[in-house]
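Notes to accompany the following structure.
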Amino acid sequence: MDFFRKKRRQPPQKIGLVLSGGGLRGIGHLGAIKALEERGFRPAMISGASAGAIIGAFYAAGYTIDEMLHIAQEHNLFPATSFRLRASGFVDTRFLTQLFHAHIPGNSFESLQIPLYVAATNLLSGKTEYIDSGPLDEALLASSSVPLMFRPVPRSSAIYYDGGVLDNLPVQPLIDRCDYLIGVHVNAPDTVAPEQLTPIKTLDRIIHLAISQTVARNAARCNLFIEPPAMLQFSIFGKKELLKIYNHVYAYTSEYLAQKA
């Protein structure tokens, strides 16, 4: 099924949107969604991992792109007071819980306007689980708990870490539930020059190369796959780059969709 080969017919009735993890690069999802909205694509259901799960939750709660950009700019997403020396994780995640509670007071999947599936890695079973009911804050923390950086999240006699560890493009929950599947991946591991590889960027690249095979397999299951290039130029922590990330992904997605039309 290819919407762009149907001579500008209306978008399919039930669109599924899959959003990858990527730290603050996840702001790029807002640019992709904005460009998709301008082409008439509006998801009937969303699946996300890590940052993609958080963006998906806010979008599913009814926030516009501009409102989400404003929230991201107004809040210190990694405040200095959140850093602690702990064996289980050096970032205190209470700032994220407070953010979720302040802006999604219903704090449940059932309170969302769009069905949402959140990928999280069950450390004990070694498998990905897709959460779609119950407390929202707990699921979002589980999905975004980067190993060593964040503490693991206990839930239902299990321990959870970042959903992107095993499935950074979680298409599985939406297969057979939608007519048209759109995937957005904000961690394209492009070729880089040696002088660009600082220690942090080297680790970042190694991680995303390690999970790229799973992403590629899942991307092949999408009817439309959006993967903006040169995303690793942006830090996963650099708030000062938020608008650059948004504009970069918006421009790429707009041009990509125009070329396919």
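Since the structure is predicted, the reported quantities are computational estimates derived from the model, not experimental observations.
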| query | Taking everything shown except H101 itself, do over 12 heavy atoms lie less than 6.0 Å from its NE2? | reply | yes
| said: Less than 4.5 Å apart, side chain to side chain, heavy atoms only: is that true for K14 and R177? | reply: no
| task | Look only at the side chain of N223 and the backbone of L181, and say whether a donor-acceptor pair between them is shorter than 3.5 Å. | result | yes
| message | Please report the interatomic distance CD1(I65) to CD1(I33), rounded to the nearest 0.5 Å. | response | 4.5 Å
| task | Check the pair T214, R217 against side chain to side chain donor-acceptor pair (under 3.5 Å), reporting the backbone distance first and the verdict last. | result | CA-CA 5 Å; T214 301; R217 285 196 299 270; 3.3 Å; yes
| said: Nearest 0.5 Å, please: how far is OG1 in T64 from NZ in K34? | reply: 7.5 Å
| request: Supply the atom-to-atom distance I159 CD1 to S145 OG, rounded to the nearest 0.5 angstrom. | output: 11.5 Å
| If you count the non-hydrogen atoms of other residues, nucleotides and ligands that lie under 6.0 Å from CD in E38, is the total more than 12? | yes
| CG on L257 to CG on L224, rounded to 0.5 Å | 6.0 Å
| Set of residues satisfying salt bridge (Lys or Arg N to Asp or Glu O under 4.0 Å) with respect to E129, sequence neighbours excluded | none
| Spacing of I175 atom CD1 and S47 atom OG [to the nearest 0.5 Å] | 9.5 Å
| note | The reported gap from OH in Y246 to NE2 in H29 (rounded to nearest 0.5 angstrom) is 14.0 Å
| request: Can you label the angle between the H103 ring and the F58 ring as parallel, tilted or perpendicular, going by 30° and 60°? | output: tilted
| Quick one: does V186's side chain get under 4.5 Å of F234's, heavy atoms only? | no
